[in-house]
Amino acid sequence: MNRRLITIVVALALAVAGTLAVLVYVRHADDRALAGKKATSVLVAAKPVPAGTTVDILKSGGYLRVERYPVESVPADALSSLNDTDLASRVLGVNLKQGEMLTRPLLVDKGNAQTFSIPDGKIAVTVALNEPQRVAGYIKPGSKVVVFVTYKVIGSNDKLKGDPTRTKTLLRDIEVLSVSLAGSGNPSGGTAQSGSLDSKYMVTLAVKQNEAEWLVWGATGPQGGTQSTSLYLALQSDTSQLSDNSPGASSFTVDR
């Protein structure tokens, strides 16, 4: 009887010890698994970011968001913030795709950024605009714009006061590749610094061939090149309501 009791006690002790050993092993295995999956915060592109975008614009323009990734999958040079003082004067050296991580080597000194990338099937055309004509500086690389043009109407029999002109929508869904202050030497796709209302800004747009022809025609002014540009830009959003049937505005309708 005593032998049987001893055997039972020993069996129970071994079972408890075995259970504890399994629990300890499993716990350490879980710890090892979790150690490899500890998360860290990194900056990723919330939307496509053009080359030449400054750090200030990256921080304030809604281009970046913070995401959590397993430590083992994050490059050692990935950035979690842009607060380092040595980054303040840098620009994005290449185009950054949506969802792509921002790493330190991608931020370069001004002048070392790659030029903007022209979308497939399109060409780049630059026009000179004043501050109001570029929506008071809110137009930036990556913006979508509507292009309006004012031109002189010829051959009308209507009796009008002054020169008859018309303003109409010329182009829409046009992507801005670069904005720079004329003479600033910064054509790399960065954002132009503010100037006076009469300052000229070089705005480069991605267009098809026929769109480029209309754009160049509009940029020569209503007098066929004897006046400054007659172009005017408007910011376009995904919900902008635009009609192909808009008659435009003209001195025919305003001055009767």
Side-chain angles (χ1 to χ4, degrees), residues 37-122 124 129 134-147 171-181 184 186-194 201-207 233-242:
K37 293 183 180 180
K38 287 183 179 179
T40 186
S41 298
V42 294
L43 293 174
V44 301
K47 55 185 176 182
V49 190
T53 302
T54 65
V55 167
D56 284 343
I57 297 301
L58 284 174
K59 293 167 67 174
S60 63
Y63 284 111
L64 301 175
R65 65 173 181 263
V66 177
E67 288 193 359
R68 303 276 290 175
Y69 283 93
V71 173
E72 60 186 6
S73 66
V74 176
D77 51 12
L79 293 170
S80 59
S81 74
L82 294 174
N83 295 327
D84 290 352
T85 55
D86 63 324
L87 299 177
S89 61
R90 299 196 176 188
V91 299
L92 187 64
V94 296
N95 294 324
L96 198 64
K97 297 179 181 178
Q98 183 174 352
E100 189 174 352
M101 290 185 189
L102 179 64
T103 59
R104 185 174 290 270
L106 295 180
L107 297 175
V108 300
D109 293 331
K110 290 181 180 179
N112 292 334
Q114 295 181 7
T115 57
F116 51 76
S117 177
I118 303 175
D120 292 342
K122 296 189 177 181
L129 301 172
R134 66 182 193 105
V135 196
Y138 284 97
I139 287 177
K140 297 176 175 62
S143 296
K144 284 293 182 68
V145 297
V146 183
V147 183
L171 304 169
R172 65 181 184 180
D173 299 313
I174 302 300
E175 179 184 357
V176 177
L177 298 178
S178 172
V179 181
S180 62
L181 188 61
S184 66
N186 177 33
S188 62
T191 301
Q193 297 179 351
S194 297
Y201 297 85
M202 312 308 290
V203 181
T204 302
L205 306 172
V207 290
L233 303 187
L235 270 174
Q236 179 180 339
S237 72
D238 294 336
T239 58
S240 296
Q241 296 182 359
L242 302 168

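- Remark: the backbone N or O of Val203 is not paired with any side-chain donor or acceptor of Arg134 at under 3.5 angstrom.
- Under the side chain to side chain contact (heavy atoms under 4.5 Å, CB included) criterion, Lys47 pairs with Tyr63, sequence neighbours left out.
- The line from CG of Leu129 to CG of Leu233 is 5.0 Å long, rounded to the nearest 0.5 Å.
- Considering NZ of Lys59 and OG1 of Thr54, their distance stands at 10.0 Å, rounded to 0.5 Å.
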Output side-chain donor-acceptor pairs under 3.5 Å for residues 82-90, partner residues at least two apart or in another chain, one line each.
{"from": "Asp84", "atom 1": "OD2", "to": "Arg104", "atom 2": "NH2", "distance (Å)": "2.7"}
{"from": "Asp86", "atom 1": "OD2", "to": "Arg104", "atom 2": "NH1", "distance (Å)": "3.2"}
{"from": "Arg90", "atom 1": "NE", "to": "Asp86", "atom 2": "O", "distance (Å)": "3.4"}
{"from": "Arg90", "atom 1": "NH1", "to": "Leu107", "atom 2": "O", "distance (Å)": "3.3"}

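- Nearest heavy atom pair, residue Ala124 against residue Thr204, reads CB-CG2, 3.8 Å.
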(request) Would you please test Met101 and Val44 for side chain to side chain contact (heavy atoms under 4.5 Å, CB included) and show each step? (result) CA-CA 4 Å; Met101 290 185 189; Val44 301; 4.0 Å; yes
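- Listed by chain and number, the residues in a side chain to side chain donor-acceptor pair (under 3.5 Å) with Ser41 are Arg68 (sequence neighbours excluded).
- With sequence neighbours excluded, no residue satisfies side chain to side chain donor-acceptor pair (under 3.5 Å) with Asp77.
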(message) Please evaluate residues Val108 and Val91 with respect to the criterion side chain to side chain contact (heavy atoms under 4.5 Å, CB included), reporting the C-alpha separation (whole Å), side-chain torsions for both, the decisive distance (0.1 Å), and the verdict.
(response) CA-CA 6 Å; Val108 300; Val91 299; 4.1 Å; yes
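- With a 4.5 Å cut-off on side-chain heavy atoms, Pro119 and Leu177 count as touching.
- Exactly one of Val135, Leu235, Ile57 qualifies for a side-chain contact (heavy atoms from CB on, under 4.5 Å) with Lys140. That residue is Ile57.
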(message) For Thr103 and Leu79: C-alpha separation, side-chain torsions, deciding distance, then whether side chain to side chain contact (heavy atoms under 4.5 Å, CB included) applies.
(response) CA-CA 5 Å; Thr103 59; Leu79 293 170; 5.8 Å; no
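- For the side chain to side chain donor-acceptor pair (under 3.5 Å) test, residues two or more places apart in sequence or in another chain that qualify with Arg65 are Glu67.
- With values rounded to the nearest 0.5 angstrom, Leu242 atom CG is found 7.5 Å from Asp173 atom CG.
- For the atom pair CG (Leu43) and CG (Leu106), the distance works out to 11.5 Å, reported to the nearest 0.5 Å.
- The side-chain heavy atoms of Asn95 and Val49, taken from C-beta on, include no pair separated by under 4.5 Å.
- Here Thr239 pairs with Ser237 under the side chain to side chain donor-acceptor pair (under 3.5 Å) rule; sequence neighbours left out.
- Residues passing the side chain to side chain contact (heavy atoms under 4.5 Å, CB included) test with Thr40 are Val42, Val71, Val74, sequence neighbours excluded.
- Between the side chain of Gln236 and the main chain of Lys144, no donor-acceptor pair closer than 3.5 Å is present.
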